[in-house]
Undergrad: 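First, the structure itself, so that you have it in front of you.
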Amino acid sequence: MFIAIAGASGQLGHLVVQKLKGHTPTANLVALARTPAKATDLGVGVREADYDRPATLAPALAGVHTLLLISASELGQREHQHRNLIEAAKQAAVQRIVYTSLLHADSSPLNLAGEHLATEHMLHESGIAWTILRNGWYTENYTAAIPGALAAGVLVGSAGNGRIAAAPRLDYAEAAVAVLTTDGHTGKCYELAADSTWTLTELAAEISRQTGRDIPYRNLPEADYAATLAQHGLPAELARAIASWDVGAAHGALDDDSHTLSRLIGRPTTPMAQVVTAALKPA
């Protein structure tokens, strides 16, 4: 029986597949992707699974025992896309679904929370055994801004002094693998975040320390930050969303001290400074 990874062509999906190959025979792994050509480098079987073309989904899940549903990436489209996949899983007699949700989805002020919470409810009502991985923010969401900060001489955002318990994708991938390959997780909802927190001021200080430059953090009003992101090429809707998430962080949306992630992966979570070092390495 197969373990299938939905969203395998994404960054988190790639990491999960590579880590799974150390725990599960490659022949038992299936990568599901809207565009299969984007997943051929994974070294496992690939099946087409387009959330917006339900006819592709049940065949893609044939013989699958456990499905990792990595949340879809299209804002505003996730709820119906996830419903399509969960309905197909029921048709294909999938026995278990592990879903990557959002940290504190039931209380988060982030506008992402609604679609995640709706998906959690679908799973509760599906009749399929489930596990929820409420992933916190990826540290890479912020270290991706380092090149721009170095070019401008300043790191900007709208998170104020909000504490951010972000961990890199690799840590969340290892958590998913642990849940997929060990018992005792059915019906569990895990709040996953880093062991330690930091602010954007502290991130800027770490960038400064590692580069030997003075890169301060400048906190901007939400609208100004959105406008800055749009000026650098982001679509206006996405720029507004990112700015709003930063404001949510200012109000504690990305903070957590449960240490559940480190317990699942059996080691401390990766420090922010280490992710900064990786981001600064030449490509």
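The structure presented is a predicted model; accordingly, all values stated were derived computationally and were not measured. We count residues from 1, following the sequence as given.
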Undergrad: Which residues pass the side-chain contact (heavy atoms from CB on, under 4.5 Å) test with L103, not counting sequence neighbours?
TA: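 Applying side-chain contact (heavy atoms from CB on, under 4.5 Å) to L103 gives E191, A193, D256.
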
Undergrad: Ignoring hydrogens and geometry, is there a side-chain-to-backbone donor-acceptor pair from Y225 to I242 under 3.5 Å?
TA: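 No.
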
Undergrad: With distance as the sole test, does T269 use its side chain to make a donor-acceptor pair with the main-chain N or O of D195 at under 3.5 Å?
TA: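 Flag set: sc T269 to bb D195 pair under 3.5 Å.
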
Undergrad: Is the side chain of E206 donor-acceptor paired with the backbone N or O of M272 at a distance under 3.5 Å, no angle test?
TA: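 No, E206 side chain to M272 backbone: no donor-acceptor pair under 3.5 Å.
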
Undergrad: Taking NZ, NE, NH1 and NH2 as the nitrogens, is one of them in R34 or E48 under 4.0 Å from a carboxylate oxygen of the other?
TA: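 A salt bridge is absent here (no side-chain N lies under 4.0 Å from a carboxylate O).
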
Undergrad: Could you tell me whether the side chain of S126 and the main chain of L123 form a donor-acceptor pair under 3.5 Å?
TA: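 Answer holds: yes.
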
Undergrad: Would you mind checking if E202 and R209 are paired as a salt bridge, meaning a charged N to carboxylate O distance below 4.0 Å?
TA: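 A salt bridge is absent here (no side-chain N lies under 4.0 Å from a carboxylate O).
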
Undergrad: Under 6.0 Å between ring centres: does that hold for Y51 and H80?
TA: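 Between Y51 and H80, the centre distance exceeds or equals 6.0 Å.
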
Undergrad: So do H185 and R96 actually touch side chain to side chain, heavy atoms under 4.5 Å?
TA: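 Yes - at least one pair of side-chain heavy atoms lies under 4.5 Å apart.
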
Undergrad: Can a donor-acceptor pair be found, under 3.5 Å and without considering hydrogens, that links the side chain of R78 to the backbone of A72?
TA: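 Answer holds: yes.
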
Undergrad: Would you call R240 and E222 a salt bridge, taking side-chain N to carboxylate O under 4.0 Å as the test?
TA: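 Salt bridge flag = no for E222 with R240.
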
Undergrad: Checking the side chain of T40 only, and the main-chain atoms of P36 only, is there a donor and an acceptor separated by less than 3.5 Å?
TA: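 No, the answer is negative, given that no donor and acceptor are paired below the 3.5 Å cut-off.
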
Undergrad: Does the pair I146 and L150 meet the rule for a side chain to side chain contact (heavy atoms under 4.5 Å, CB included), with working shown?
TA: CA-CA 6 Å; I146 289 177; L150 294 176; 3.8 Å; yes

Undergrad: So that I can tick it off, tell me whether E79 and R83 are bridged by a salt bridge, with the cut-off set at under 4.0 angstrom between side-chain N and carboxylate O.
TA: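 Salt bridge present between R83 and E79.
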
Undergrad: What about Y142 and W198, are their ring centers closer than 6.0 Å?
TA: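 Centroid distance Y142-W198: below 6.0 Å, so yes.
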
Undergrad: Would a distance-only check, ignoring hydrogens and angles, find a side-chain to backbone donor-acceptor pair under 3.5 Å from N219 to G160?
TA: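 Side chain of N219 to backbone of G160: a pair is present.
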
Undergrad: With side-chain contact (heavy atoms from CB on, under 4.5 Å) as the test, pick out the partner of Q81 among I86, D50, D52.
TA: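 Going through the options one by one, the only one that passes is D52.
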
